Amino acid sequence: MAAGAGLAARRCSPCHPKASWIVSITIYRFDHCIGRYIMAKYPFKDIEKKWQKRWEDEQTFRAVEDERFPKEKRRYVLDMFPYPSGAGLHVGHPEGYTATDIYCRYLRMNGYNVLHPMGFDALGLPAENYAIQTGTHPAVTTYANIDRFRTQIKSLGFSYDWSREVITCDPEYYKWTQWIFKRLFEKGLAYRKEAAVNWCPRCKTVLADEEVAGGLCWRCESVVEKRFIPQWFFKITAYAQRLLDDLEELDWPEGIKQMQRNWIGRSEGVEFEMKVAVPPSQASEGNLEVLSDQKPLAFRVFTTRIDTVFGMTFAVLAPEHPLVDRLLQHVPDDRRAAIEEYRSAAKRLSEQDRLATTHEKTGVFTGLCAINPVNGHEVPIWIADYVLYGYGTGAIMAVPAHDERDFEFATKFGIPIVQVIAPKDGSAVELPWVDKDGVMVASGEYTGMTVAEGQKALGEWMEALGIGERKVQYRLRDWLISRQRYWGCPIPIIHDADGNMEAVPDDQLPVLLPDVEHYEPTGDGTSPLAHIEEFVNCTDSEGRLARRETDTMGGFACSSWYFLRFCDPHNGRQPWSPESVRYWMPVDCYVGGAEHAVMHLLYARFWTKFLYDEGLVPVKEPFHRLENQGMVLALTPFRHPRENERLEVGQPGIQITFEEAQRLPQDQVFYRWEKMSKSKGNVVTPDEAVEKFGADALRVYELFVAPFDQAIQWTDEGLQGAARFLTRVFRIATEVAPWWRFDWEDGLLGELSAPARELRRKTHQTIRKATEDIERFAFNTYIAALMTFVNAFNDFLKMVGPEPTESEKAVACEALQTLILLLSPAAPHSADEIWESLGGGGFTYQMDWPRYDEQLCREDTLTIAVQVNGKLRDTVEVPADASREQIESVALASAKVQAHVGGKAIKKVVYVPGKLVNIVAP
RNA sequence: GCCCGGGUGGUGGAACGGCAGACACAGCGGACUUAAAAUCCGCUUCCCGCGAGGGAGUGCGGGUUCGAGUCCCGCCCCGGGCACCA
């Protein structure tokens, strides 16, 4: 392509005196329609490198805490930082980065001081698993990956302040992660308790959830078990209510807020105690036990429907409930084995499977009963996996008449069902009846009360008698932070000889990750760190021998505060200075994938609130505005299953490579849009895209092709279309260049010709549209508006021909300057290049964002849609200042309209100003 | 299963409750070319009709309204999240 183009290159400097630079490096061809040489392709490679170098040389994107900018003229715009995987950047990453870059460049053009940093989330499982496979230290691969990511990101011309880069595996960074851990520990918000891990009995290791496929280990396919070991937690539940309440003030997508509300899952109810009725034959044994550990056999249950308590016909304990062990001493021998077996089976099921309503209810009867405190009735105690130990008290009162799950269970096991809530009108209902709009029946002295009255009365009664209390329960659980892994931030805790825990003193931070010989799991469930004696052996504050904590922190800890470090990334004495966070925080606009809707965003909010309480940050919320980007999908080949093959539920076919797809008969192959990922072999890297079409084309394409928050279906053709658009912009610039003058405003004299009026209108309308669209992250319509503008500009150039009037030239200059500036955020290399070619100095992002004139946007005439009975029958042109009466009479006069109205009486006429007339004549 | 999104021409998408299909891609026709590519110009929701024109149409079924892609109710399908991937 390039060789042929070289031969075809022509010089046409006589007609483009000011654009000689373009002539020197651009490919020209003669266009017979307009009778001139035009540019066929723009030299993006040279252009992009040149501008990236200039931007870097001039340190133009460096953010400085300049007090001359008042708070409302500062903006902190942040991308969720990437995890640098070995596969390198793929085209999904730049979508969000382009959006923030456009927004930042736009803000700078509007006079804002902008902080726009980038860093890397570098601790985690993939690097460690790679180390296990290859023996390469995770730090080596991680830093190599980071270098690759950084180069790739830089090739796209984003306006990051790279001087603020942070990397979470850098001891200078994780020192402060440990420092925050300590603050949480000191406030009692970091604590240790037993919790379940996925345990593979064959590999003798703890597995991440994603390493468990269908209950089996991903490496050896053994059945994965739950194992209880002591682990570290952050007490996020202490902040549940505030995390819920403060969602109100956030400018986030409503769906994300709703997901967080559901995740926190606030519910109000009553928690009360139920005593176990020990059978007479075992009474003596039971009494002995009561004496021995001072704890009567009893358990607590939580319910949001205390009003249904008279309908309790059984009680259920989660299989993991600690009381089950004690109950086992009292159950008949023949049941003991069944219960033990049930418990070990439950261990193997995931929580999701247990809760699925498709999962048939299972359970075992203990042979024991509990006493319903409101009426003294004995109800059987069952053990069933639909009750989770992690939620509420891990035990429930079961009211099958008014709960779907209890109903299903009772029906299956033949347990009685007693209705205690009925509609107010006394009509019969089908059970289970879960409606709360009813009254209590068969409920002793409470009969006749509404649900709400009964809940209040029963709650008060239980509180008065000390049986139970009203309680707010959250579904939110404390944040499990422990990982029995190597490549994570060490937990800065020391266990002394007496089993007490103390924090590592601040002056000894960071607790450095030591080098290890092997990254393989140790086989006893501890981290590889546990076998490094130099690491583990230490002394406590009194100089006695002690053991260092060997669990590390999950990656979410590191990403819960990186936005604070960006404010002051090189501070060696503090995690950040108070002045820096006061200057920049909160993040005004945070952009990333919706997959982080709950966990990352909730954890970061929690840490920010805690740090606010400690007086360390001036804001209660980290991210004011949130925008989500969509995924990037790629067409992926599949084939239909063969005779001996069976597909899993929901599996569309057998995924194959593109080569296989070529080889196989076409009727066996089909394509689907799948998420781009290394494992699917459908990844397109930005390097390929930049090489073929340039960074600006990639940027424009990714934002044009779909709304920002929707998935993109990646196609090369679409990318080519974006490149074509940029070529057209260059071509227009080349055509207007001979007329160019910086003082074009002086040329706008007298009455404008019709094409000139039209172009000016379009110019100002486009400014308005582009401004509104960038503000609301509607980048696809922003780009579309620029395309429409370019098309209109083209039409104008054709209409005025090679000899336009002075004022037409001036209007063309205004349009070109506007086009360059409006394009600058999206395609900055091209914009700066064209601006320079016109003799302009500096960078376009340092220029002022264009302003539109409302008067100039206004159309001369309006097209009014005319409907008859809501159906479009005609459109009419009217002057922009026509009155309602005039418009209605023109509309009625239309022959097409008359044909449909006929002689019918007109009932009414609906008029929408400037838009539409609807004649209602039924 | 639960929670949250989404479903509009051949394709991606546009559309304050007011002309459905902006802007692109692909396709078709034309110009240029020895030719191809590139570029430029034009057409392009479907059905009926030579045409003028008419009818249908925003996943499916109802409803509200002068008027519904948009609001309400009930379904179907696809995607994301579900606490140790990040």
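None of the values given here were measured: they were computed from a predicted structure. Every chain is numbered from 1, with letters handed out A, B, ... down the list of sequences.
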Open item on the list: Quick check: on RNA chain B, is the nucleotide nearest A/A594 upstream (toward 5') of the one nearest A/K907, or the reverse? Name the residue that is more 5'.
Closed with: A/K907
TODO: Starting from the 5' end of RNA chain B, give me the residue, A/Y603 or A/L125, whose nearest nucleotide shows up first.
DONE: A/Y603
Measure centre to centre between the rings of [X] and [Y], then say whether the value is under 6.0 Å.
| X | Y | value |
| --- | --- | --- |
| A/F704 | A/F779 | no |
| A/Y386 | A/F409 | yes |
| A/Y239 | A/F606 | yes |
| A/F234 | A/W607 | yes |

Distance between the [atom1] atoms of [N] and [M], in whole angstroms?
| N | M | atom1 | answer |
| --- | --- | --- | --- |
| B/C2 | B/G12 | C1' | 32 Å |
| B/A22 | B/U8 | P | 16 Å |
| B/C16 | B/C84 | P | 42 Å |
| B/C75 | B/G7 | C1' | 14 Å |
| B/U45 | B/A14 | C1' | 15 Å |
| B/A26 | B/G13 | C1' | 14 Å |
| B/G30 | B/U65 | C1' | 48 Å |
| B/A36 | B/C46 | C1' | 35 Å |

Within the 4.0 Å heavy-atom criterion, would you say [X] contacts the bases, only the backbone, or no part of the nucleic acid?
| X | answer |
| --- | --- |
| A/G721 | sugar-phosphate |
| A/R724 | sugar-phosphate |
| A/E210 | base |
| A/M599 | base |
| A/W479 | nothing |
| A/I256 | nothing |
| A/D709 | nothing |
| A/V197 | base |
| A/S559 | nothing |
| A/H600 | nothing |
| A/Q231 | base |

If you measure only the distance, is there a donor-acceptor pair under 3.5 Å linking the side chains of [X] and [Y]?
| X | Y | answer |
| --- | --- | --- |
| A/T863 | A/E877 | yes |
| A/E859 | A/Q765 | yes |
| A/Y603 | A/W561 | no |

Separation of [X] atom [atom1] from [N] atom [atom2], in whole Å?
| X | N | atom1 | atom2 | answer |
| --- | --- | --- | --- | --- |
| A/M259 | B/C4 | CE | C1' | 4 Å |
| A/N628 | B/G79 | CG | C1' | 14 Å |
| A/I264 | B/C3 | CD1 | C1' | 13 Å |
| A/K908 | B/U65 | NZ | P | 11 Å |
| A/W252 | B/G5 | CH2 | P | 15 Å |
| A/H596 | B/A83 | NE2 | P | 15 Å |
| A/K257 | B/G5 | NZ | P | 13 Å |
| A/W232 | B/C84 | CH2 | P | 17 Å |

What's the closest nucleotide to the [X] side chain, out of [options]?
| X | options | answer |
| --- | --- | --- |
| A/V206 | B/G79, B/C84, B/A24 | B/C84 |
| A/L480 | B/A26, B/C84, B/C3 | B/C84 |
| A/M631 | B/G79, B/A22, B/C66 | B/G79 |
| A/Q720 | B/C41, B/A22, B/A38 | B/A38 |

- [ ] Taking A/T715 for its side chain and A/G718 for its backbone only, find out whether a donor-acceptor pair lies under 3.5 Å.
- [x] yes
Task: Within 45° cone and under 6.0 Å: A/K762 NZ/CZ vs A/F789 ring - done: no
Open item on the list: Would A/K193 and A/F233 count as a cation-pi pair here, with the cationic atom under 6.0 angstrom from the ring centre and within 45° of the axis?
Closed with: yes
TODO: With syn defined as a glycosidic angle within 90° of 0 and anti as everything else, classify B/G13.
DONE: anti
Open item on the list: Dot-bracket for RNA chain B, please. Rules: Watson-Crick or G-U, both distances under 3.5 Å, ( ) within the strand, [ ] when a pair crosses earlier ones, | for another strand, . otherwise.
Closed with: (((((((..(((.....[....))).(((((.......))))).((((....))))..(((((..]....))))))))))))....
- [ ] Give the B/S/- string for nucleotides 52-59 of chain B, one per nucleotide from 5' to 3', where a protein heavy atom under 4.0 Å of the base yields B, of only the sugar-phosphate yields S, and otherwise -.
- [x] -SSSS---
Task: Letter per nucleotide, 5' to 3', of nucleotides 12-21 of chain B [B base touched, S only sugar-phosphate touched, - untouched; heavy atoms, 4.0 Å] - done: BSSSB-BB--
Open item on the list: Checking ring pair (Phe, Tyr, Trp, His ring centres under 6.0 Å) between A/F81 and each of A/Y97, A/Y590, A/Y562, which is the one that passes?
Closed with: A/Y562
Open item on the list: Below 30° counts as parallel, above 60° as perpendicular, anything between as tilted: where do the rings of A/W714 and A/Y701 land?
Closed with: perpendicular
TODO: Could you label the plane-to-plane angle of the A/F777 and A/F708 rings as parallel, tilted or perpendicular, counting under 30° as parallel and over 60° as perpendicular?
DONE: perpendicular
Open item on the list: Any side-chain N or O of A/R483 below 4.0 angstrom from OP1/OP2 of B/C85?
Closed with: no
Task: Under-4.0 Å side-chain N/O to phosphate OP1/OP2 contact, A/N791 with B/A24 - done: yes
Check residues 894-902 of chain A and write down every donor-acceptor pair under 3.5 Å in which the side-chain atom is one partner and the other belongs to a residue at least two apart or another chain.
{"residue": "A/S894", "atom": "OG", "partner": "A/D874", "partner atom": "OD2", "Å": "2.7"}
{"residue": "A/S894", "atom": "OG", "partner": "A/K896", "partner atom": "N", "Å": "3.3"}
{"residue": "A/S894", "atom": "OG", "partner": "A/V897", "partner atom": "N", "Å": "3.2"}
{"residue": "A/Q898", "atom": "NE2", "partner": "A/L892", "partner atom": "O", "Å": "2.8"}
{"residue": "A/H900", "atom": "ND1", "partner": "A/K896", "partner atom": "O", "Å": "3.1"}
{"residue": "A/H900", "atom": "NE2", "partner": "A/R873", "partner atom": "NH1", "Å": "3.2"}

TODO: State whether A/E627 and A/R776 are salt-bridged, where the test is any N-O pair (Lys NZ or Arg NE/NH1/NH2 against Asp/Glu carboxylate O) under 4.0 Å.
DONE: no
- [ ] Classify the side chain of A/E595 and the base of B/C85 as holding, or not holding, a donor-acceptor pair under 3.5 Å.
- [x] no
Task: For A/D478, all residues meeting salt bridge (Lys or Arg N to Asp or Glu O under 4.0 Å), sequence neighbours excluded - done: none
Open item on the list: Going by side chain to side chain donor-acceptor pair (under 3.5 Å), A/S482 matches just one of A/T550, A/T552, A/D551. Which one?
Closed with: A/D551
Open item on the list: Can you list, in residue-number order, the parts of residues 79-88 of chain A that come under 4.0 Å of RNA chain B, counting heavy atoms only?
Closed with: A/Y83
